[in-house]
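Just so we're on the same page: letters track the sequence lines, and every chain starts at 1. Here the structure is a predicted model, which means the values were calculated and not measured.
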Protein chains: 2
Amino acid sequence: MALEHAILVSLAERSASGYELARRFDASIGNFWKASHQQIYKVLGRMETGGQVASELVEQDGRPDKKVYAITTSGRDELSRWVGTPTPAEALRSEFAVKLRALHLADPATLRADVGRRRVQHTEKLAYYEASRQKFYPDPAAVSPEALGGYLVLRGGMLAEQAGLDWCDEILGQLDTVDGAVR
Amino acid sequence: MALEHAILVSLAERSASGYELARRFDASIGNFWKASHQQIYKVLGRMETGGQVASELVEQDGRPDKKVYAITTSGRDELSRWVGTPTPAEALRSEFAVKLRALHLADPATLRADVGRRRVQHTEKLAYYEASRQKFYPDPAAVSPEALGGYLVLRGGMLAEQAGLDWCDEILGQLDTVDGAVR
DNA sequence: AGAACCATGTAATGCGTTACATGATTTC
DNA sequence: GAAATCATGTAACGCATTACATGGTTCT
């Protein structure tokens, strides 16, 4: 049940409405954990019943009212209990890998185009992470303890994207040599 | 609906019973796409109704009978259609990343132990992949076109594990410097 | 005038995990 | 004698996605 914990982490950083949380899950946190607004509203409801979060109705003019959720003491307790818990190994799951395995059934040009597209996506995401890093953590040696988590998560994303990029290059290289050998 | 395609890829390589497929999903294919036997049986049933696979009952002595599934022409068509389809970008989803972000709430020693455990897991998996690579693809420059997919998938796994390992090392390094600064 | 943003939800369906169920054979 | 392997499933539940629904405001 990790979405609940992701929400707790986000609300511990700053209280927010369901809508605002959904926006965050599109950006910062969402780079490593996606969630739709529908799902977030549902889980927030459950968590309020459970007492981990509390909401306050905020009226706005010219905009719909919103329910701003804050983490409660009980939620904070649950969160620190959870961070002290060992994290189980995460299985990697890749549709692309499954498809790669059946590459001999594919048209080489189509496949090359697909890998190229993927390569561009990795490059763009990497550039985006790098921009965030420069903006928020200009000096990696001087990151405050509170900000260290965010920095390290970003670094993890960068390493993952770089690995994906290297993989694409290796695939493209192999496709070329095979083609060359066939001709 | 990628499990169906993973099953088609596996059956295209060799016909198998649900049980045997489940074993494969524990090993080779399963390194990149996990599935339980319950799920596999369910999906196989659906796929047989849909005509992508066909089963034949094989009686055995001293062992339970088994239903051996084979890919059909229609299944093969669907498979080659699918491999020609662009693969959508896969969001990375990591409970560990969420937890990392809240690292300031954790006890440093506990956290260090958790990261160390994770580091060992990556190291072991990497060694396992490397052993597979040496066994099945001793000469990367001479991989046959049929085997290329399997080789490249393995390489992807190795790159991902290496990135995970590097991440752990970077986290441990940062935790040390922060501790050092505090004292 | 149309698109995008703000804001909150319900309903249906599908995907995945966990628990339960059975029973013979082989290996330690 | 106990544990693991072979073999196939059902049932319950939870997590996630997609579609549907509403309605005002701001930007282009």
Side-chain angles (χ1 to χ4, degrees), chain A residues 1-8 10-11 15-27 29-30 32-50 53 55-69 82 88-95 98, chain B residues 1-8 10-11 15-27 29-30 32-50 53-69 88-95 98:
Chain A
M1 232 173 276
L3 176 55
E4 295 193 3
H5 293 118
I7 288 177
L8 286 176
S10 198
L11 288 181
S15 296
S17 69
Y19 186 85
E20 284 161 352
L21 276 175
R23 303 265 89 210
R24 287 187 205 169
F25 276 77
D26 273 351
I29 291 264
F32 311 93
W33 199 278
K34 288 277 173 222
S36 63
H37 66 107
Q38 295 93 326
Q39 207 186 337
I40 289 169
Y41 285 125
K42 212 189 303 176
V43 173
L44 276 175
R46 205 201 309 151
M47 288 170 79
E48 185 162 28
T49 307
V53 301
S55 70
E56 191 193 355
L57 196 71
V58 174
E59 289 176 36
Q60 302 182 113
D61 49 299
R63 288 185 179 185
D65 298 350
K66 61 180 177 180
K67 266 194 263 179
V68 174
Y69 289 87
W82 176 73
E90 288 144 9
L92 57 92
R93 155 163 294 206
S94 166
E95 185 173 331
V98 174
Chain B
M1 231 174 275
L3 177 54
E4 295 193 3
H5 293 119
I7 288 176
L8 286 176
S10 199
L11 288 181
S15 297
S17 67
Y19 187 85
E20 284 161 353
L21 276 175
R23 305 264 88 211
R24 287 187 205 169
F25 277 76
D26 272 351
I29 292 263
F32 311 94
W33 200 276
K34 289 277 171 221
S36 64
H37 66 108
Q38 295 94 326
Q39 207 186 337
I40 288 169
Y41 286 124
K42 214 189 303 177
V43 173
L44 276 175
R46 206 202 307 151
M47 289 170 80
E48 186 162 28
T49 307
V53 301
S55 70
E56 192 194 355
L57 197 71
V58 175
E59 290 176 34
Q60 302 182 112
D61 49 298
R63 286 184 181 188
D65 298 350
K66 62 180 177 179
K67 267 195 264 180
V68 173
Y69 288 88
E90 288 145 9
L92 58 91
R93 155 163 294 206
S94 165
E95 186 173 331
V98 174

*asked:* For A:Glu59, I'd like to know if atom CD has over 12 heavy atoms of other residues, nucleotides or ligands within 6.0 Å.
replied: no

*Is any side-chain nitrogen or oxygen of B:Ser17 closer than 4.0 Å to OP1 or OP2 of D:dC6?*
no

_Out of C:dG9, C:dG16, D:dA16, whichever nucleotide has its closest atom nearest the side chain of B:Trp33_ = C:dG16

*Selected nucleotide, minimal atom distance to B:Lys67 side chain, candidates C:dT8, D:dT8, C:dT17*: D:dT8

*OP1, OP2 of D:dC6 versus side-chain N and O of B:Gln60: anything below 4.0 Å?*
no

*To the nearest 0.5 angstrom, please state how far the OH atom of A:Tyr69 sits from the OG atom of A:Ser15.*
12.0 Å

_Using a heavy-atom cut-off of 4.0 Å across all strands, would you classify A:Lys34 as base, sugar-phosphate, or nothing?_
nothing

*Establish, with yes or no, whether the OP1 or OP2 oxygen of C:dT8 is under 4.0 angstrom from a side-chain nitrogen or oxygen of A:Tyr41.*
yes

_Output the rounded distance in Å from CD1 (A:Ile40) to P (C:dT10)._
15 Å

_Separation of D:dA7 P from B:Leu57 CG (nearest whole Å)_ = 12 Å

*According to a strict under-4.0 Å criterion, is A:Arg46 in side-chain N/O contact with OP1 or OP2 of D:dC15?*
yes

*Nucleotide D:dA7, atom P - distance to CG of B:Leu21 in whole Å*: 12 Å

*Over how many whole Å does the gap from B:His5 atom NE2 to C:dC15 atom P extend?*
11 Å

*Candidates D:dT8, D:dC15, C:dG9 - which lies nearest the side chain of A:Tyr69*: C:dG9

*Base, backbone or nothing for each nucleotide of nucleotides 18-26 of chain D, written B, S, -, heavy atoms under 4.0 angstrom, 5' to 3'?*
BB---B-S-

*Of all the nucleotides listed (D:dT8, C:dG16, C:dA7), which has the minimum atom distance to the side chain of B:Tyr19?*
D:dT8

_Distance in Å, B:Met47 CE paired with B:Ile40 CD1, rounded so as to fall on 0.5 Å steps_ = 11.0 Å

*Please step through side-chain contact (heavy atoms from CB on, under 4.5 Å) for the pair B:Ile7 and B:Glu4, ending with a clear verdict.*
CA-CA 5 Å; B:Ile7 288 176; B:Glu4 295 193 3; 5.8 Å; no

*Separation of A:Glu56 atom CD from C:dT8 atom P, in whole Å?*
13 Å

*Hey, what do you get for NE2 (B:His5) to CH2 (B:Trp33), rounding to the nearest 0.5 Å?*
11.0 Å

*Donor-acceptor pair, side chain of A:Gln60 and main chain of A:Lys66, under 3.5 angstrom*: no

*Select from A:Gln39 and B:Val68 the residue whose nearest nucleotide in DNA chain D is closer to the 5' end of that strand.*
B:Val68

*Integer-rounded Å distance: D:dT8 P and B:Arg23 CZ*: 12 Å

_Let me spell it out: for each of B:Lys42 and B:Arg93, pick the nucleotide of DNA chain D with the closest heavy atom. Which residue's pick is nearer the 5' end?_
B:Lys42

*asked:* Are the side chains of A:Ile29 and A:Leu21 in contact, using a 4.5 Å heavy-atom criterion?
replied: no

